[in-house]
Every structure is written in structure tokens, then in C-alpha cells.
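In the text below, chain A, chain B and the rest are named by the order of the sequence lines, each starting its count at 1.
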Amino acid sequence: MVEFIVYNTLTRRKEIFEPLHPPFVGLYVCGPTVYSDAHLGHARPAITFDLLFRYLRYIGYKVRYVRNITDVGHLENDADAGRDKVATQALLEQIEPMEVVQRYSDNYHHNMDQLNVLKPSIEPRASGHIPEQLDMVAKILDKGFAYISNGSVYFDVEKYNLNNHYGKLSGRIVEDLLASTRDLDGQEEKKNMYDFALWKKALPEHIMRWNSPWSIGFPGWHIECSAMSTKYLGDVFDIHGGGMDLMFPHHECEIAQSKIANGNDSVRYWMHNNMITINGQKMGKSLGNGILLDQLFSGNHPLLEKPYDPMTIRFFILQAHYRSTLDFSNEALQASEKGLARLMKSVAMLPGLPVSDETTINLAEWKANCYNALNDDLNTPILIAHLFDMVRLINLMSEGREKITTADLETLVQQFRQFTLDILGLREDPESGPDSQMLPKLMELILDLRQEAKKNKDFALSDRIRDELGKLGIVVKDRKDGADWETLK
RNA sequence: GGUCACAUGGCCGAGUGGUCAGGCAACGGUCUGCAAAACCGUGUACAGCGGUUCGAGUCCGCUUGUGACCUCCA
């Protein structure tokens with residue numbers, strides 16, 4: 001098996017990936033909280049870890065990919081008087097909380113399909129795993145690392161930190177946390193400000209509530225991931241992923257909870273994708289600069305000059321390394337759109353290339369370059385650069401200026417499609433509906449007529465045909481022996 | 001305020017100390033009746049100032065700027 005290197009946030013360095021029980025790999029990724037439509041930010045981790053999922057499978061691992069749906073609203077903040085996001089949305093829309101959850105889960109799934117993000121192996125919901133969460137809270141209480149206060153259960157960070165380092169993932173020190181924690185309401189229930197809730201007692205207005213030994217209430221914000229990852233991947237598993245913004249406190253809390261409940265560190269490799277920025281600033285709910293995926297695909301947003309195809313978004317995201325911030329702009333997106341079109345055109349024309357009795361390009365080296373890029377912490381920008389190198393060669397081969405044998409072409413077709421379609425997950429334009437069959441036939445007819453006009457030196461007519469088609473968004477491209485066409489997006 | 005990142009050519013974005021990544025845009029050329037596409041060629045990019053080194057975008061220090069986390073967030 002190839003040497004695959006990943007950057008482990010925990011150690012802050014690149015490490016050779018070695019699963020605990022090869023060929024099996026356990027992968028857990030923090031999914032969305034479904035209280036609103038999916039936005040551009042949701043696309044980044046989904047695509048990043050979709051790529052990881054695809055690549056791990058491609059190099060031969062059997063991956064169990066667990067990505068949760070958070071459908072227990074959790075609190076707006078730790079000391080909030082009791083508004084949870086799902087319940088708040090339910091009140092606004094005058095529907096059941098579970099209707100909110102259903103609606104936005106459906107939207108998320110639809111957007112993920114559009115982005116060609118594969119479904120995870122298991123997609124557990126927090127609300128469906130209340131018993132597991134209760135068990136875990138009870139375990140932590142039994143071991144003496146949590147305390148009950150007014151019906152709520154809090155994790156005792158101070159005690160944990162005596163023999164462990166709370167903050168090791170995000171590089172924080174508990175003493176520093178004390179100095180920077182703000183004065184919030186409801187803190188008096190906790191021994192220390194940095195303690196976090198494992199279980200919260202519900203106030204009367206709280207509509208999402210479950211029974212527990214401590215109170216009628218709901219689970220704390222971090223326990224679901226620990227409970228569900230343990231249930232489906234075991235006490236120790238290979239990779240935990242998520243957005244960088246979840247490092248603290250979410251993942252830090254997960255580490256602490258799991259360590260106490262399971263008796264060991266659960267996660268071997270932590271991987272975090274960076275944020276998408278708009279005009280250099282992180283997009284976020286509170287900043288009011290978010291763009292929904294539906295808006296991106298429809299163009300219906302003040303910041304958007306036009307609609308963008310889901311594949312353009314996917315390609316745009318893959319053109320940056322997942323650990324870099326990626327700045328959104330119409331200009332950048334349109335550059336991606338054009339680049340993607342060029343790449344996909346090569347995918348389409350590749351099988352039809354003329355063959356020769358010799359091969360003049362270095363296939364083995366090219367393939368090795370592609371793999372080396374992926375093996376180096378999923379360096380998709382480098383991979384894509386190599387793919388474009390091949391695009392150039394493919395075009396040269398089509399012009400007969402480089403040569404390839406039948407056997408090598410077969411290999412190249414397979415490999416190029418694997419990198420482009422299977423691993424990067426780019427999708428060719430789906431041909432669907434009867435109209436898509438009609439258009440090529442009409443175009444064939446029109447271009448034949450134009451060819452005849454040209455033969456008769458009736459350039460006025462042939463130019464008119466080309467210009468009028470251009471106005472309809474169809475570009476005519478003359479070749480030596482005829483003409484090609486393509487539609488402009 | 002605390003902690004931590006990052007600053008690359010018109011735009012986006014890679015870069016493991018020593019052969020100009022790549023994409024988009026621009027310019028010149030080839031091919032075309034003309035265009036488009038494709039191909040070929042062109043750009044003295046690495047925030048500033050010091051330092052280490054035979055050699056630094058790449059290491060170290062300082063300065064400036066931007067951002068992230070510390071509160072829900074992908």
C-alpha cells in the first residue's frame with residue numbers, strides 16, 4: 001500500500017497514515033446542525049472529507065465513514081436562558097422541531113448530491129442516540145469527572161486537567177482560559193467558567209427535552225459526537241475531521257469526554273479544513289455575509305454576478321489546499337469555471353484520440369506525480385496542476401504533435417478519469433431529457449448548411465449563422481474538416 | 001486583552017534552501033476567408049528591514065498589515 005501522509009492537528013506535523021486495523025479505516029466527521037439551509041461553508045468540509053473518503057477507498061482501504069446530523073438544537077450559548085437553534089426556528093415557522101430538522105436535512109442532502117459528495121457509510125442523528133449519550137454522561141459521573149448542579153451535569157475540567165492537558169489540540173492552557181473567559185449569565189452553576197455541560201436541565205419553554213436521571217433536559221453540545229463515534233467506530237478510531245472553527249471548544253471537549261469515558265484517547269489523527277472567506281473575512285451567521293448553496297447555484301444573491309454550477313464550486317474548493325483559507329469572489333469562481341470546462345473537455349475527447357505505434361509522452365512519471373500530490377496530505381492544487389499538464393499533452397496528441405499507442409491510451413483514459421472523476425469527484429455534464437438529444441441533431445444540420453455556404457464562398461451567410469448562434473449562447477469552432485460547437489454557460 | 005495563523009505577479013492559488021507549479025486574465029505568434037478553440041512564446045511575484053548560508057519566497061529576529069479562535073458557527 002502506498003505511503004499516505006496526513007497533517008495531524010494534534011501533533012502539528014505531517015505523519016504517515018497507518019490505520020489501527022488495516023485494511024479498515026474509521027473516519028468521523030462533524031456534520032451540520034440542521035436549523036437552516038446549507039451554505040457555502042458547509043461545502044468545504046463535506047468536499048474535503050469526501051475527497052479523503054474517496055481516496056482512502058481508492059488506495060484500498062475499507063472505510064467506515066460516519067458523519068452526524070445534529071438535530072438537537074443545543075443552546076445559542078452556554079449560559080443562554082434556553083433558546084435552542086432548532087426550537088427557535090420551529091417557533092418562527094410555527095412547526096414541530098422535527099419538521100425543521102427534516103426540511104433542512106433534506107436541503108443539505110440535496111445540495112450534497114449536487115456537489116457530488118458521496119453519502120457517508122452511517123449518518124447518525126443526535127436525537128436518535130439519547131440513550132448512548134446518557135450512558136456516556138453517567139460513565140463520566142461515575143468516574144468522578146463530572147458534577148451535578150441544579151439538574152444539569154458539567155464536566156470538571158480542572159480535575160481532568162490535573163493529569164491531562166485540556167487544550168492540547170488547540171494549543172490552549174487552562175490558566176489562560178480563566179483569564180479570557182467572559183462574564184456570562186448562569187455561570188454560577190459551574191465550578192469553573194471553562195467547565196462545559198454534559199447535560200442541561202430544560203427550562204419550561206424548552207420544547208426539545210428528554211428524561212434523564214438528573215432532570216428532564218437535553219444533552220450538552222459536545223457529547224453527541226463522542227457518543228456516536230464511540231458507538232460506530234469504537235473506543236479508538238483512526239481519523240476525526242471537521243472545520244477548524246470546531247477545534248475549540250468542540251473537539252477539545254470531545255477529547256476530554258472520551259478520554260474519561262473510554263479510558264483512552266479516542267482519535268489517532270485529527271484533520272481540520274480551513275475556512276472560506278468572503279472579501280477576506282470569514283463567512284458566518286453572525287457576520288451576515290453567508291451565501292446559501294441554493295443561492296450560489298441559482299445566482300440569486302447580491303454578491304453573485306451569475307449562477308455557478310455545483311461542479312464549479314467543487315472544483316474551486318479543490319483548487320486550494322484544504323488547510324488554506326479560500327477567498328470567495330466572482331472573478332475567482334469564473335476562473336475556476338473556465339478551467340474546469342477545459343479539463344472536462346479533455347476527459348471527453350480523450351478516448352477518441354488518434355493512436356500511433358509509439359508513445360512520446362512519459363505516462364509513468366505523470367502518474368507518479370499525481371499520486372505523490374495526493375499522498376502529500378491531499379494536495380489537490382498540485383494534482384490539478386498535473387492534470388492540466390496532461391490536458392496540454394492531450395490537445396497536442398489530438399493535433400498529432402504527440403503520439404500514443406492503443407495500449408497506453410487505454411491506460412491513460414482510465415487513469416485520467418480515475419483522478420478527475422473518481423477521486424476529485426468531478427462530474428461530467430449529465431445528459432438528461434429529450435431536449436439534450438434534439439440539440440445535437442439540430443446543430444449537426446445547421447453546421448452542415450453552414451459548411452455548404454462556406455464551400456460556395458457565401459461567407460456572409462456562414463458568418464450570419466455563426467453570429468446568430470453566438471447570440472443564443474452557442475459557440476461555433478471551425479476545424480479543418482468541419483466544425484464543432486459548444487454552449488456557453 | 002490572551003493564544004495562534006497568514007502575508008506570493010492583474011485575480012485565484014501551490015511551493016520540501018539551489019531547474020520561473022498550475023488556472024483565469026493580458027500581450028505577441030502559428031493555424032484559420034475572418035473569428036473561436038488549440039498550440040508556441042512573453043511577465044525581472046514573493047509585505048518591509050536585518051540576520052544565518054556559497055545560495056532564502058522557503059530558516060531566524062524585528063516591524064507593519066490581515067485574519068482566526070477565546071461565544072453558536074463548516
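Remark: B/U44 base-pairs with no nucleotide in the shown strands. Criterion, Watson-Crick or G-U wobble with two distances under 3.5 Å. For B/G67, the paired nucleotide is B/C4, the pair qualifying as Watson-Crick or G-U wobble because both relevant distances are below 3.5 Å. B/C49 is paired with B/G61 under the criterion used here, namely a Watson-Crick or G-U wobble arrangement in which both key atom distances are under 3.5 Å. In this structure, B/U16 makes no Watson-Crick or G-U wobble pair, since no nucleotide meets both defining distances under 3.5 angstrom. When Watson-Crick and G-U wobble pairs are counted only if both distances are under 3.5 Å, B/A38 pairs with B/U30.
The residue A/R466 sits close to a base: some heavy atom pair falls under 4.0 Å. Looking at heavy-atom distances under 4.0 Å, A/A385 makes contact with a base.
Of the candidates B/A74, B/G13, B/A38, the closest approach to any side-chain atom of A/K345 belongs to B/A38. In the set B/C12, B/A14, B/A37, B/A37 carries the atom at the smallest distance from any side-chain atom of A/K477. Taking only side-chain atoms of A/K454, from C-beta outward, the nucleotide of B/A74, B/G10, B/G33 with the closest atom is B/G33. Comparing B/A74, B/G23, B/A21 by their closest approach to the side chain of A/I382 singles out B/A21. In this structure, of B/A36, B/C39, B/G2, it is B/C39 that holds the atom nearest to the side chain of A/E399.
The number of heavy atoms from other shown groups lying within 6.0 Å of NZ (A/K477) is above 12. Other residues, nucleotides and ligands contribute over 12 non-hydrogen atoms within 6.0 Å of the CD atom of A/E123.
The CG atom of A/L383 sits 14 Å away from the P atom of B/G23 (whole-angstrom rounding). Summarising the geometry, the separation between CG on A/N456 and P on B/G33 is reported as 16 Å, rounded to the nearest angstrom. B/G10 atom P lies 12 Å from atom CD of A/E331, rounded to whole Å. Between A/I173 atom CD1 and B/U3 atom P there is a gap of 9 Å when expressed in whole angstrom units. For the pair A/Q319 CD and B/A21 C1', the computed distance is 13 Å after rounding to whole Å. In this entry the distance linking CG of A/N274 with P of B/A7 reads 11 Å, nearest Å.
Note on A/D458 versus A/R450: no salt bridge recorded, every NZ/NE/NH1/NH2 to OD/OE distance being 4.0 Å or above.
With hydrogens and angles left out, the side-chain atoms of A/N68 and A/T70 include a donor and acceptor closer than 3.5 Å.
Note on A/K338: every side-chain N or O is 4.0 Å or more away from OP1 and OP2 of B/G23. For B/C4, the OP1/OP2 oxygens have no side-chain nitrogen or oxygen of A/S170 closer than 4.0 Å. Between A/N395 and B/C39 there is a side-chain N or O to OP1 or OP2 distance below 4.0 Å. In terms of phosphate contacts, A/R342 brings a side-chain nitrogen or oxygen within less than 4.0 Å of OP1 or OP2 of B/C24.
No side-chain heavy atom of A/N116 sits less than 4.5 Å from a side-chain heavy atom of A/L426.
A/M311 and A/G425 make their closest contact through SD-O, 4.0 Å (heavy atoms, listed as atom of the first residue, atom of the second, distance).
If you check distances only, the side chain of A/D327 never reaches the base of B/G67 with a donor-acceptor pair under 3.5 Å.
A distance of about 11 Å separates the C1' atoms of B/U32 and B/A37, rounded to the whole Å.
Take A/K471 and apply the salt bridge (charged side-chain N to carboxylate O under 4.0 Å, His left out) test, not counting sequence neighbours, and it matches A/E468.
A donor-acceptor pair under 3.5 Å is formed between the side chain of A/H42 and the backbone N or O of A/H39.
Within residues 115-125 of chain A, no residue has a heavy atom under 4.0 Å from RNA chain B.
Map A/F328 and A/L40 each onto its nearest nucleotide of RNA chain B; the residue landing nearer the 5' end is A/F328. Both A/H42 and A/R450 sit near RNA chain B, but only A/R450 has its closest nucleotide nearer the 5' end.
Ring geometry, A/H272 versus A/W270: the interplanar angle falls under 30°, so the pair is classed parallel (tilted spans 30 to 60°).
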